[in-house]
Visitor: 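Just passing along the structure, written as structure tokens.
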Amino acid sequence: MATSTSSSKSVGPDYRPEIQKPTATVSTAIPHKNVHTLSQTPQLIALLTMIRSKETQRADFIFYSNRIIRLLVEEGLNHLPVVSHTITTPVGREYAGVRFQGKICGVSIMRAGEAMEQGLRDCCRSVRIGKILIQRDEETSLPKLFYDKLPEDIAERWVLLLDPMFATGGSATMAVDVLLSRGVPEDRILFLNLIASPEGIDGFAKKFPKLRVVTAFIDQGLDEKNYIVPGLGDFGDRFYTM
Ligand code: URA
């Protein structure tokens, strides 16, 4: 079982004196420029507290997970490049703005990643979404690609890869290899994730230094069954069945 030291921070609005703020566990720091952790705001910590609790029932789990997914997608979109775009307003004045440089698509790692598709659709109208199914091979115990369905022009798009839980990183690594084999440049991949293990994300960030990871939280580590700790249990089971 691997664990790293977690940090505590007083959490609450800036106008409150420190003594009136509760202390909470916040994301573990990680020294990789290509890994971006969401700001550990009181809102994010409260949302994560809801989905981590074993007392939280399915309807609330879905609701609060969707809130975090929305924050991840909104932040992820800030990592895509933009170009100048000047428009004319209805009062005849010009506004010097920007627009996204290229086309995007989502790719979910089934089944848990599919839970993040709606959050992406809510932010990006008519977005194309592909799917990848990777499962453990019974004989070798290694991750194996079982199915993929990706937009035919994926090599020309920016890809938002979706998977809520990043444990050992076996599936995400294989998913990135699939994208690279279809001609997607590494620096056009953005991986969106709710909770990651420090050892998984460290290896992933080193293996793929040009892609970017946006995660809500880097946890303490993995247990002997490769569950993230403290984690939230099995995301797919809690979102789809429990
Ligand atoms: N997948 C999950 O759903 N939870 C974990 O803790 C690890 C992988």
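Atoms within a ligand are numbered from 1 in the order they appear, just like the ligands themselves.
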Visitor: Please tell me whether Ser27 and Gln40 have a donor and an acceptor in their side chains that are separated by less than 3.5 angstrom.
Guide: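 The answer is no; no qualifying pair exists.
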
Visitor: Between Pro164, Gly233, Gly236, Gly200, which one has a non-hydrogen atom sitting closest to atom 2 (C) of ligand 1?
Guide: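 When every heavy atom of Pro164, Gly233, Gly236, Gly200 is considered, Gly233 comes closest to atom 2 (C) of ligand 1.
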
Visitor: Are Phe191 and Phe208 close enough that their ring centers fall under 6.0 Å?
Guide: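 No, they do not, as the ring centres are separated by 6.0 Å or more.
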
Visitor: Is any side-chain N of the basic residue among Lys103 and Glu156 closer than 4.0 Å to the acidic one's carboxylate O?
Guide: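 Looking at Glu156 together with Lys103, the answer is no, because their closest N to O distance does not fall below 4.0 Å.
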
Visitor: Nearest 0.5 Å, please: how far is CZ in Arg182 from CG in Asp148?
Guide: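 The CG atom of Asp148 sits 4.0 Å away from the CZ atom of Arg182.
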
Visitor: For atom 3 (O) of ligand 1, what is the nearest protein heavy atom, given as residue, atom name and distance?
Guide: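 It is Phe235 N, 2.8 Å.
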
Visitor: Considering heavy atoms of the protein only, find what lies nearest to atom 1 (N) of ligand 1 and give residue, atom and distance to 0.1 Å.
Guide: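 For atom 1 (N) of ligand 1, the nearest protein heavy atom is Met165 CB, 3.6 Å.
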
Visitor: Which residue and atom name correspond to the protein heavy atom nearest atom 6 (O) of ligand 1, and how close is it?
Guide: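 The closest one turns out to be Ile228 N, 2.8 Å.
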
